[in-house]
Peer 1: 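Can you keep this structure in mind? I'll have questions shortly.
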Amino acid sequence: MSTTSSQSVSNPPATKGGAAAVYIDERLASSNFTKRLLDKVFPDHWSFMLGEIALYSFIILLLSGTYLTLWFKPSMTEIIYNGSYMPLKGVKMSEAYSSTLDISFDVRGGLLLRQIHHWAALFFVAAVSVHLLRVFFTGAFRKPREINWVIGTLLLVLAILEGFAGYSLPDDLLSGTGLRIAEGIMQAIPLVGTYLAMFLFGGEFPGTDFIPRLYSIHILLVPGILLALVTVHLIMVFYQKHTQFAGPGRTESNVVGYRLFPVYMAKAGGFFFIVFGITTLIAALVTINPVWMYGPYTPSQVTAGSQPDWYIGWLDGAVRLTPNWETNAFGHTISWNLLIPALIIPGIMFTALGLYPWIEAWVTGDKREHHLLDRPRNAPTRTGLGVLALTFYLILWISGGNDILATAFHLSINQITWSFRVLLFVAPPLAFVVTKRICLGLQRRDNDKLLHGYETGRVLRLPHGEFIEVHEPISTHAAAVILGKEDIAPLALEAAIDENGVRNPKAKKNATRARLSSWFYSDNVATPTDEELKAALEHQAHALHEAQEHSGAIEGH
Amino acid sequence: MAISRRHPAALFAVLAVALGTTGAAYAAVSAQAAPKATVASATQVDQGKQLFLEGCSSCHGMAAQGSSDGPSLIGVGSAAVDFQVGSGRMPMAGPGIQAVARKTQYNTSEIAALAAYVASLGPGPSIPTAEMVNTSGADLAMGGELFRTNCAQCHSASAKGGALSQGRWAPSLMNSNNKDVYEAMVSGPQSMPVFSDKTITPSEKKDIMLYLSELQKNESPGGFSLGRLGAVTEGLFIFVGGMAALMIVAVWIGARAR
Ligand code: HEM
């Protein structure tokens with residue numbers, strides 16, 4: 001690649017590529033920009049590739065989706081199916097469903113593309129979610145990346161919505177059942193719910209307007225917003241630079257890694273093809289959403305084992321767990337059984353998710369910029385909170401499959417539901433405590449390794465008969481990783497009355513904060529100080545030396 | 001070569017013969033499997049009564065009038081007995097939420113005798129004749145519609161079965177033959193409703209049987225079916241299979257970087 005500057009007009013570049021670069025440079029004055037772009041450095045860690053998986057599955061979705069739009073007909077017009085799938089021949093159905101059958105059975109490569117599209121959708125939301133977990137557990141959301149975290153939260157919500165919209169388009173029995181539930185949830189919104197549902201569905205459910213509307217939302221509106229937000233998201237990663245884990249030579253003010261060009265680009269490009277390849281392989285081998293088996297949607301039918309895609313499963317589970325509560329007030333029925341699980345709980349969860357960077361900063365009082373990542377064990381309270389939320393989510397998720405569990409393990413669905421109701425409140429706090437313990441244990445082990453070296457597994461017998469295991473100092477890399485941990489003291493409690501005898505009006509609020517901050521930090525295990533470390537290293541060297549001498553003596557006999 | 005000179009029609013001739021014999025054999029076998037619901041002989045009823053007193057009366061009462069341990073069987077008809085005893089659900093092993101299908105405890109003629117005895121107690125749906133479960137000429141698509149409308153809410157659209165309340169379940173229908181399906185419909189075992197000839201006509205019953213035998217072929221045009229359990233197994237697969245594979249690759253690429 002040429003790094004020619006604009007002055008090079010006078011001495012023309014030797015290669016064709018160089019000429020092209022100059023051509024573009026002269027018109028876009030981009031050489032400086034391009035050069036800076038290509039010299040950008042990216043740190044390396046496998047977990048930084050999770051965002052890439054999300055990005056690539058999004059691209060696969062756009063490509064495969066475009067192919068599907070060539071054949072799919074978003075229309076509720078009733079027709080008689082006359083395609084090649086015999087068990088449905090002659091059945092009345094919507095054009096939406098019949099065109100989905102056509103894609104599956106009569107369009108060349110249609111079934112493969114349908115399956116690629118659907119598997120990629122599952123991949124997309126899965127990758128986004130795991131990427132979110134990595135950003136959370138490493139503390140990458142801290143200043144200055146809070147805004148990007150919020151954009152990320154929006155991306156997650158949109159990804160889920162987009163998936164649900166797609167799942168609902170074919171108008172088969174499962175998607176219709178899902179939409180019916182979505183309509184019920186809309187109607188549960190007090191006062192405006194019924195109007196909202198009427199407005200969206202253009203009248204009574206299911207009606208003929210909704211599928212075409214959903215189609216515009218699914219192929220235009222949401223992907224458009226997603227694309228725009230993903231772009232902003234990546235530009236921000238770019239400008240704020242990627243975070244990195246602590247290690248030798250890595251500081252808060254540098255980035256150690258590979259240039260964007262050529263190493264990082266080659267790796268990223270290669271990885272794109274791997275993601276595409278694995279998605280295609282799965283799609284070619286494994287069925288997903290066999291709509292032909294569910295039949296066309298009719299409000300009078302429902303099938304056992306109706307399940308939404310995995311990312312909606314937790315909402316379905318929340319609905320399944322909530323008891324049948326309703327209140328009648330002023331001639332209106334408030335359906336708590338839908339309001340709580342489908343609107344209030346997700347509302348709280350997504351709000352808490354989006355605001356988490358600020359919540360943590362407020363609790364810890366930490367307003368500094370962070371470009372070095374935390375190892376999850378070094379932020380035990382955050383890690384514990386994350387596992388708490390994850391446990392809550394997982395229990396809801398499993399509850400969404402309570403009927404499948406009941407069938408598979410011959411359990412009573414009622415007992416399962418009750419157990420999960422109890423677990424939903426008991427397990428998350430327990431998970432918090434256990435996770436925090438584990439983190440603190442790992443911190444202690446790290447300190448141990450630092451101070452006493454690692455166990456080599458070599459055992460020596462000393463002259464007086466004692467056996468000792470030889471410890472050797474850990475590598476400088478490992479030591480740098482451990483020493484990358486920051487010890488932060490909890491906020492100090494401010495006096496309620498200052499030295500002049502004046503009452504501090506903020507004392508009460510500050511006291512709560514100090515307490516929270518001490519809850520967040522206080523039982524952290526302190527990293528050894530420089531002196532302790534120096535002393536320990538000397539001791540290690542001495543012990544090692546002695547051991548070797550003795551072993552020499554034994555061998556000499 | 002001899003092979004290349006063989007007349008192309010030979011293949012079709014062989015196929016036709018093969019199909020013909022299979023069809024004839026099948027007809028013969030299925031005619032045997034569904035004994036003709038002829039008028040039971042008095043000796044058969046007596047034999048049935050004897051068997052009943054030994055094996056069933058402890059729960060259903062000496063005259064099949066019912067007891068606290070089992071319902072009255074007067075008027076349930078021979079179809080119910082053939083279904084319950086033929087599938088090994090009766091005699092029930094012990095108290096339970098739902099009688100479990102086990103190994104059949106009686107041979108064919110004993111089952112016929114038990115059925116004849118119960119049928120003699122009062123009129124009820126009888127064991128179908130071979131004609132009644134012969135699905136040739138039935139309407140496949142209609143069967144699908146009827147199945148999804150009447151059966152899928154319990155047995156699931158893929159006939160893989162499903163959970164009902166309080167630990168009850170609707171079993172998978174992947175191994176049920178036409179006679180089972182017919183008898184289950186007319187007798188309505190346990191939590192399953194009765195589908196009399198008024199709700200689902202005899203010819204519609206045939207449509208359902210035909211559709212079920214189509215499902216039982218277990219064809220899966222899209223590849224592995226993941227047990228046909230729908231989105232739950234698909235969701236598990238994307239994490240355990242898909243994400244895991246990609247993360248292994250990511251770790252591998254990451255490790256190269258060092
Ligand atoms: C459409 C979905 C998304 C795509 C395509 C995407 C893509 C990416 C990519 C490629 C990176 C850089 C590599 C990496 O750190 O993995 C990144 C970084 C980041 N993402 Fe996402 N992301 C998405 C959703 C999310 C979500 C749901 C969140 C959290 C709520 C989030 C928060 C972040 C943050 C804070 C960074 C900066 C990380 C750092 O510098 O260490 N993203 N994203």
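As a basis for the values below, the full set of heavy atoms in this structure was taken, side chains included, without hydrogen atoms, waters or symmetry mates. Convention: sequence-line order gives letters A, B, ...; per-chain numbering from 1.
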Peer 1: Taking B:Ala79's backbone N and O only, do any of them form a donor-acceptor pair with B:Asp82's side chain (distance below 3.5 Å, no angle check)?
Peer 2: no
Peer 1: Scan A:Phe124, A:Phe123, A:Tyr311 and name whichever one has a side-chain contact (heavy atoms from CB on, under 4.5 Å) with B:Ile238.
Peer 2: A:Phe123
Peer 1: Using modelled atom types and a 3.5 Å cut-off, is there a donor and acceptor pairing between side-chain atoms of A:Thr279 and backbone atoms of A:Ile116?
Peer 2: no
Peer 1: Can you tell me which portion of A:Val130 sits under 4.5 Å from chain B's heavy atoms? Options are side chain, backbone, both or neither.
Peer 2: side chain
Peer 1: Relative to chain B, which of A:Tyr294, A:Phe105, A:Tyr167 shows the most heavy atom pairs under 4.5 Å?
Peer 2: A:Tyr294
Peer 1: Output the option from A:Leu405, A:Ile274, A:Leu281 having the highest count of non-hydrogen pairs under 4.5 Å with chain B.
Peer 2: A:Ile274
Peer 1: I'd like to know which of B:Ser172, B:Gly241, B:Ser156 tops the heavy-atom pair count under 4.5 Å against chain A.
Peer 2: B:Ser156
Peer 1: Determine the interplanar angle of the A:Phe272 and A:Tyr56 rings, folded into 0 to 90°, and report it as parallel if under 30°, tilted if 30 to 60°, perpendicular if over 60°.
Peer 2: perpendicular
Peer 1: Taking every heavy-atom pair that is under 4.5 Å apart, which of B:Gly235, B:Gly161, B:Gly144, B:Gly242 has the most such pairs with chain A?
Peer 2: B:Gly242
Peer 1: At a heavy-atom distance under 4.5 Å, which candidate from A:Ser412, A:Ala304, A:Ala284 has the highest pair count against chain B?
Peer 2: A:Ala304
Peer 1: Give, as side chain, backbone, both or neither, the part of B:Glu234 having an atom under 4.5 angstrom from any heavy atom of chain A.
Peer 2: both
Peer 1: Identify which part of A:Tyr81 has an atom lying under 4.5 Å from any heavy atom of chain B, answering side chain, backbone, both or neither.
Peer 2: neither
Peer 1: Donor-acceptor check, side chain of A:Arg114 to backbone of A:Ile103, threshold 3.5 angstrom: yes or no?
Peer 2: no
Peer 1: Tell me, side chain or backbone of A:Pro87 under 4.5 Å from chain B's heavy atoms, or both, or neither?
Peer 2: both
Peer 1: Quick check on the interface: out of B:Cys151, B:Ala245, B:Ala163, B:Ser225, who has the most heavy-atom pairs with chain A under 4.5 Å?
Peer 2: B:Ala163
Peer 1: In terms of heavy-atom pairs under 4.5 Å with chain A, which of B:Met247, B:Glu214, B:Gln166 leads?
Peer 2: B:Gln166
Peer 1: Grab the two heavy atoms, one from B:His155 and one from B:Pro171, that are nearest each other, plus how far apart they are.
Peer 2: ND1-O, 2.9 Å
Peer 1: Against chain B, label A:Ile288 side chain, backbone, both or neither, depending on which of its atoms sit under 4.5 Å from a heavy atom there.
Peer 2: both
Peer 1: Relative to chain B, which segment of A:Leu88 carries a heavy atom at a distance below 4.5 Å: side chain, backbone, both, or neither?
Peer 2: both
Peer 1: Check the orientation of B:Phe147 and B:Tyr211. Use parallel for under 30°, tilted for 30 to 60°, and perpendicular for over 60°.
Peer 2: tilted
Peer 1: So which part of B:Leu164 gets closer than 4.5 Å to some heavy atom of chain A, the side chain, the backbone, both or neither?
Peer 2: backbone
Peer 1: Identify which part of A:Ile413 has an atom lying under 4.5 Å from any heavy atom of chain B, answering side chain, backbone, both or neither.
Peer 2: both
Peer 1: More than 12 foreign heavy atoms under 6.0 Å from CD of B:Gln216: is that the case here?
Peer 2: yes
Peer 1: Taking atom types as modelled, is there a side-chain donor on A:Thr177 or A:Ser306 under 3.5 Å from an acceptor on the other?
Peer 2: no
Peer 1: Counting heavy-atom pairs under 4.5 Å with chain B, which one of A:His118, A:Gln301, A:Gln307, A:Gln415 comes out on top?
Peer 2: A:Gln301
Peer 1: I'd like to verify something: which residue of B:Leu246, B:Leu140, B:Val232 has the highest number of heavy-atom pairs under 4.5 Å with chain A?
Peer 2: B:Leu246
Peer 1: Side chain, backbone, both or neither: which part of A:Ala408 has an atom under 4.5 Å from a heavy atom of chain B?
Peer 2: neither
Peer 1: Mind ranking A:Leu411, A:Leu174, A:Val275 by heavy-atom pairs under 4.5 Å with chain B and telling me who comes out on top?
Peer 2: A:Val275
Peer 1: Are the side chain of B:Glu204 and the backbone N or O of B:Thr201 linked by a donor-acceptor pair below 3.5 Å?
Peer 2: yes
Peer 1: Any side-chain to backbone donor/acceptor pair from B:Lys205 onto B:Phe195? Under 3.5 Å, distance only.
Peer 2: yes
Peer 1: What part of A:Leu122 lies closer than 4.5 angstrom to a heavy atom of chain B: side chain, backbone, both or neither?
Peer 2: both
Peer 1: Begin from the C-alpha positions of A:Thr417 and A:Ser399 and carry the test side chain to side chain contact (heavy atoms under 4.5 Å, CB included) through to its verdict.
Peer 2: CA-CA 7 Å; A:Thr417 304; A:Ser399 309; over 6 Å; no
Peer 1: Would you say B:Asp207's side chain and B:Met142's backbone share a donor-acceptor pair under 3.5 angstrom?
Peer 2: no
Peer 1: Among the options A:Ala127, A:Ser104, A:Gly270, A:Ala406, pick out the one with the most heavy-atom pairs lying under 4.5 Å from chain B.
Peer 2: A:Ala127
